[in-house]
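Notes to accompany the following structure.
First the proteins, then the strands, lettered A, B, ... as listed; each starts at 1.
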There are 2 protein chains.
Amino acid sequence: MHKPVPNNSLKAACSTCNLRKLCLPVSLSNIEMARLDDLITRKGVYRHGSILYRSGDKFQALYAIRTGFFKTQILNEDGREQVTGFQMAGEIIGMDGISSDAHTCDAVALEDSEVCEIPFSRLEDLGRELPPLQRHLHRILSREIVRDQNIMLLLGSMRAEERLATFLLNLSQRFAVRGYSPTSFQLRMTRHEIGSYLGLKLETVSRALSHLQESKLINVRNRSLEILCLSGLQACMGKRTR
Amino acid sequence: MHKPVPNNSLKAACSTCNLRKLCLPVSLSNIEMARLDDLITRKGVYRHGSILYRSGDKFQALYAIRTGFFKTQILNEDGREQVTGFQMAGEIIGMDGISSDAHTCDAVALEDSEVCEIPFSRLEDLGRELPPLQRHLHRILSREIVRDQNIMLLLGSMRAEERLATFLLNLSQRFAVRGYSPTSFQLRMTRHEIGSYLGLKLETVSRALSHLQESKLINVRNRSLEILCLSGLQACMGKRTR
DNA sequence: CTTATAGCTTGATATATATCAAAATTAACA
DNA sequence: TGTTAATTTTGATATATATCAAGCTATAAG
């Protein structure tokens, strides 16, 4: 299942990366950018199913996703699992590890993926010299906090179909930002993984998808998803029982 | 309900603060510590029910709680509310605001409370000069991420009684760290607020408390809580249906 | 190409929690 | 200190989601 992780690595180049606006929207001079390039290494391909880092691993770096798709999940003592997020190109993962110098979740590739490794203490060093870079790091950390708190809202107060609508609209919007169709995309994760993320059982996810399809809001066939009515989904997201 | 916030403010002194080990466990020289003191202002008392900051407020500072107790909550468009945390002395709040320069939640005092205001851009400035301070800020941000992800686990995979046991043990542990009894304390929040935090209705919270009491794990009378068996609660926390 | 496995859907039923309601208790306030 | 409002508890019932089960489909492996 988990293919070995190749060891080859090459110099990354944020300066010429087409994801820069997503990943690192910071204005730096050429010289400053070169220093950043210097610090970042492009890692080889992580095959589908392989693990970028595991809970308990020593924390040393953040990872910017160049291509592909990941999930992060925590497991507690009694084997309970919670998918804490799905990450795509231009997003940065690994920030959970800073607080205790060890990762607290697993990051697993859901398709063949490439990442850039950003050694954290060197990033901190550079941040001290380049205030815009420092500020950007702080924003990224805070954005993760805000994201997580919105998932708490979802888990704490939404019903199954609303959770799913919220999830699909979130994916849609993130694909759109990356220049892909906001209304037609492939789900990279299983119903079980969606369920874990949304606090639902896979059967409930399946039923909710079927129901959204009956309502003509989406078309879903296996992993292919088409959103037929964005505003309808939005309305569904905000629906309350009373 | 919401008392006006007093405007008087005085110089804070981390250097002599008895919460320093909790709030700022960083080794700095006297001179460095003085520079930090210089940046932090001690705000007047926030009365019970008053608001430290509101969602939408411009983000300018983090706040270290000196005394008292706060809740943070987000409200979405359709009036749904989610309590995202309860914070006590020595903890730092406001980090949600960094990402967009505006707060994304409300912070409300659940009892008369005092805070130290830490202007964020000045903290960043000082962080560039004092690496241990910078590192500490990063740890705090990351710790918040880890905390939130553990709540996601709770909300996504635990049943009512487990959620409550987890919550009570978390409070217990935080009181213990502060030198208070881990087994006997006052709840500062209503059943409704506990329910909002745990993704449950207040009636369910009340029933779960009653049931833990019947099981001789706790004694609860209104807001007074006594834990009779820490290990029993721990066992209850890890209980799964199957 | 065939077979095995993992993933998905749908139905029937069980169950945990929500909802509704009323009474009891506590806290706030005038 | 009396009065009102808020909070809490508990019961009866409703409902959303989980569970169990079976068949189906797609994907991976031999």
Side-chain angles (χ1 to χ4, degrees), chain A residues 1-3 47-50 71 80-81 83 108 110-112 154-165 167 186-214 218-225 236 239-242, chain B residues 1-3 47-50 71 80-81 83 108-112 154-165 186-214 218-225 236 239-242:
Chain A
M1 169 123 187
H2 300 138
K3 313 288 159 36
R47 303 299 303 278
H48 177 255
S50 70
K71 69 169 175 181
R80 240 183 289 240
E81 150 204 313
V83 170
V108 183
L110 293 186
E111 63 181 51
D112 294 358
L154 176 143
L155 292 170
S157 75
M158 292 186 187
R159 39 213 20 273
E161 210 167 292
E162 299 172 71
R163 293 185 201 189
L164 197 62
F167 169 66
Q186 292 291 121
L187 298 171
R188 265 58 177 225
M189 66 298 282
T190 66
R191 303 291 190 265
H192 177 83
E193 287 162 336
I194 296 173
S196 170
Y197 182 61
L198 299 179
L200 302 169
K201 295 294 162 186
L202 71 94
E203 295 95 329
T204 305
V205 172
S206 178
R207 276 185 244 271
L209 282 170
S210 299
H211 188 250
L212 288 177
Q213 180 159 261
E214 282 164 33
I218 65 171
N219 255 327
V220 59
R221 182 175 162 71
N222 307 315
R223 304 287 180 92
S224 314
L225 195 119
C236 170
K239 215 178 318 178
R240 309 199 58 186
T241 318
R242 47 190 39 249
Chain B
M1 168 118 186
H2 299 138
K3 312 288 160 35
R47 303 299 302 279
H48 177 257
S50 70
K71 69 170 174 180
R80 242 182 289 241
E81 152 205 313
V83 170
V108 183
L110 293 185
E111 61 182 50
D112 295 357
L154 176 144
L155 291 171
S157 74
M158 292 186 185
R159 40 215 16 276
E161 209 166 293
E162 298 171 72
R163 294 184 200 189
L164 197 62
Q186 292 292 121
L187 299 171
R188 263 64 173 216
M189 67 297 283
T190 66
R191 303 288 189 265
H192 177 82
E193 287 163 335
I194 296 173
S196 170
Y197 182 60
L198 299 178
L200 302 169
K201 295 295 162 187
L202 70 93
E203 295 95 328
T204 306
V205 172
S206 178
R207 277 185 243 270
L209 282 170
S210 298
H211 188 249
L212 288 176
Q213 181 159 260
E214 282 164 33
I218 64 171
N219 255 327
V220 59
R221 183 176 160 72
N222 307 314
R223 305 285 181 92
S224 315
L225 195 119
C236 170
K239 215 178 317 177
R240 309 200 57 187
T241 318
R242 47 191 39 247

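- Gly195(B) comes within contact range of no nucleotide atom at all, as no heavy-atom separation falls under 4.0 Å.
- Contact annotation: side chain of Arg207(B) to base of dT19(C), donor-acceptor pair present below 3.5 Å.
- Comparing dT26(C), dC8(C), dT7(D) by their nearest atom to the side chain of Asn222(B) picks out dT26(C).
- Among dC8(C), dA18(D), dT25(D), the nucleotide with an atom closest to any side-chain atom of Lys201(A) is dA18(D).
- Checked by atom type and distance alone, the side chain of Asp112(B) never pairs as donor or acceptor with a backbone atom of Arg47(B) at under 3.5 Å.
- The distance between atom NE2 of His48(A) and atom P of dG7(C), rounded to the nearest whole Å, is 9 Å.
- The shortest distance between side-chain heavy atoms of Leu225(B) and Leu209(B) falls below 4.5 Å.
- Comparing dT8(D), dT17(C), dA26(D) by their nearest atom to the side chain of Arg221(A) picks out dA26(D).
- Nearer the 5' end of DNA chain D, as judged by each residue's closest nucleotide, is the contact made by Ser210(B), out of Ala160(A) and Ser210(B).
- In this structure, Leu155(B) places its CG atom 16 Å from C1' of dT17(D), rounding to the nearest Å.
- Ion pairing between Glu162(A) and Arg80(B) holds under the 4.0 Å rule for side-chain N and carboxylate O.
- For Leu200(B) and dA16(C), the CG to P distance is 14 Å, given to the nearest whole Å.
- Summarising the geometry, the separation between CD on Gln213(B) and P on dT9(D) is reported as 9 Å, rounded to the nearest angstrom.
- For the pair Met158(B) CE and dT15(C) C1', the interatomic distance rounds to 20 Å; values are reported in whole Å.
- Atom-to-atom, CG of Leu209(B) to C1' of dT7(D) comes out at 13 Å; the value is rounded to the nearest Å.
- Separating the CZ atom of Arg223(B) from the C1' atom of dA28(C) is a distance of 12 Å, rounded to the nearest angstrom.
- In this structure, Arg191(B) contributes its side chain and Leu202(B) its backbone to no donor-acceptor pair below 3.5 Å.
- Phosphate contact (OP1/OP2 of dT8(D), side-chain N/O of Arg191(B), threshold under 4.0 Å): present.
- Residue-level contact check: Arg163(B) touches neither bases nor backbone, having no heavy atom under 4.0 Å from any strand.
- Between Glu193(A) and Leu110(A) there is a side-chain heavy-atom pair separated by less than 4.5 Å.
- The Glu203(A) side chain lies nearest to dC20(D) when the options are dC20(D), dC8(C), dT7(D).
- Two residues, Thr204(A) and His192(B), neighbour DNA chain D, and the one matched to the more 5' nucleotide by heavy-atom proximity is His192(B).
- Going from atom CG of Leu198(B) over to atom C1' of dT17(C) covers 14 Å, rounded to whole Å.
- When distances are taken from the side chain of Arg159(A) to each of dT17(D), dA18(C), dC8(C), the shortest belongs to dT17(D).
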